[in-house]
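Working notes, structure below.
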Amino acid sequence: MKVLGISGSNRKDGNTAFLVKKILEHVDEEECSEIETEFVSLAGKTIKPCTGCELCKEKKWCVIQNDDWDDVAEKILECDVLVLGSPTYYYDVCGHLKNFMDRTYSFYHDRKLAGRSAIVVSVCADRGCERTLETLEGFVNTHEFSYLGFVGGRGYLPGDILRDKRALAKCKEVAGKVIKLLRKDSEFIKTL
């Protein structure tokens, strides 16, 4: 069983990445050989926007080439649970992650992502976290993921998220849902 965490932020070690990694760390605490976690940051990756060409309906894969979308998309197809995070830019997901999400339209035609589970994560400095979460929830609902919950945090400068005790507690809570889903006899669940 594989849990994949993706931070859509252009800050490799920013607050969004921290929360996504924190969820994965809690899952790793289970020390279960059946559960594997992996973290991917979109920072430094080139993700071109969808061109609306509709060729993916025929090819069953996005036809845009020479960027990093394919590698990350393959990882999503291999996971059982996706933890997807974005910082809030103007009350919504950041453009870099939106490009990535739009390109998964190529999976929509055959429901290639259906049946997986997902957690969504957003971080905002002040306001807009809720709308970012709604966009992420719309993405996972459209692809027919089973929704395991969300984490919304507040932070602007690097490390600010450490002061958001509610978001940190929520990371543990949603990690517990992942463990419960993937492993019914978990001791971790009993401590929540």
If I compare all heavy atoms of [X] with all of [Y], which pair ends up nearest, and what's the gap?
X: Gly159; Y: Asn15; answer: N-OD1, 3.2 Å
X: Ser86; Y: Val93; answer: OG-CA, 3.4 Å
X: Val3; Y: Leu182; answer: CG2-CD1, 3.7 Å

Does a side-chain N-to-carboxylate-O contact under 4.0 Å join [X] and [Y]?
X: Glu78; Y: Lys75; value: no
X: Asp102; Y: Lys98; value: yes
X: Glu25; Y: Lys22; value: yes

If two hydrophobic side chains count as joined below 4.5 Å and joins carry through other members, does [X] share a cluster with [Y]?
X: Met1; Y: Leu82; answer: no
X: Leu133; Y: Leu84; answer: yes
X: Val20; Y: Leu4; answer: no
X: Leu19; Y: Leu136; answer: no
X: Leu97; Y: Tyr105; answer: no

Residue pair His143, Phe139: steps toward the ring pair (Phe, Tyr, Trp, His ring centres under 6.0 Å) verdict: CA-CA 6 Å; His143 282 295; Phe139 170 77; 4.9 Å; yes

Evaluate the side-chain proximity of [Y] to [X]: yes if any heavy-atom separation is below 4.5 Å, no if none is.
X: Val174; Y: Val178; result: no
X: Ser117; Y: Leu181; result: yes
X: Arg103; Y: Lys48; result: yes
X: Lys180; Y: Leu148; result: no
X: Met101; Y: Thr135; result: yes
X: Phe145; Y: Glu137; result: no

Side-chain donor or acceptor of [X] paired with backbone N/O of [Y] under 3.5 Å:
X: Arg154; Y: Asp164; value: no
X: Asn10; Y: Gly44; value: no
X: Arg127; Y: Tyr91; value: no
X: Asp68; Y: Ile47; value: no
X: Thr88; Y: Val123; value: yes
X: Lys165; Y: Leu162; value: yes
X: Arg116; Y: Lys112; value: yes
X: Asp80; Y: Lys2; value: yes

Heavy atoms of other groups near Tyr147 OH, more than 12 under 6.0 Å: yes

Enclosure of Lys59 NZ (heavy-atom neighbours >12, cutoff 6.0 Å): no

Full working for ring pair (Phe, Tyr, Trp, His ring centres under 6.0 Å) between Phe107 and Trp69: CA-CA 13 Å; Phe107 296 158; Trp69 184 84; 5.5 Å; yes

Rounded to the nearest 0.5 Å, what separates atom [atom1] in [X] from atom [atom2] in [Y]?
X: Leu24; Y: Cys171; atom1: CG; atom2: SG; answer: 9.5 Å
X: Leu42; Y: Ser9; atom1: CG; atom2: OG; answer: 9.0 Å
X: Ser106; Y: Lys57; atom1: OG; atom2: NZ; answer: 12.5 Å

Residue pair Asp70 / Trp61, side-chain donor-acceptor N/O under 3.5 Å: yes

Cation-pi geometry met for Arg111 and Tyr108 (6.0 Å, 45°):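 Yes, Arg111 lies over the aromatic ring of Tyr108.
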
From CA spacing to verdict: salt bridge (charged side-chain N to carboxylate O under 4.0 Å, His left out), Glu134, Arg131: CA-CA 5 Å; Glu134 286 176 8; Arg131 183 165 168 189; over 6 Å; no

The single option from Val40, Asp67, Asp71 passing side chain to side chain contact (heavy atoms under 4.5 Å, CB included) against Lys45: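 The side chain to side chain contact (heavy atoms under 4.5 Å, CB included) with Lys45 is passed solely by Val40 among Val40, Asp67, Asp71.
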
Identified side chain to side chain contact (heavy atoms under 4.5 Å, CB included) partner of Ile6 from the options Val72, Val121, Val83: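 For Ile6, the side chain to side chain contact (heavy atoms under 4.5 Å, CB included) check succeeds only for Val72.
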
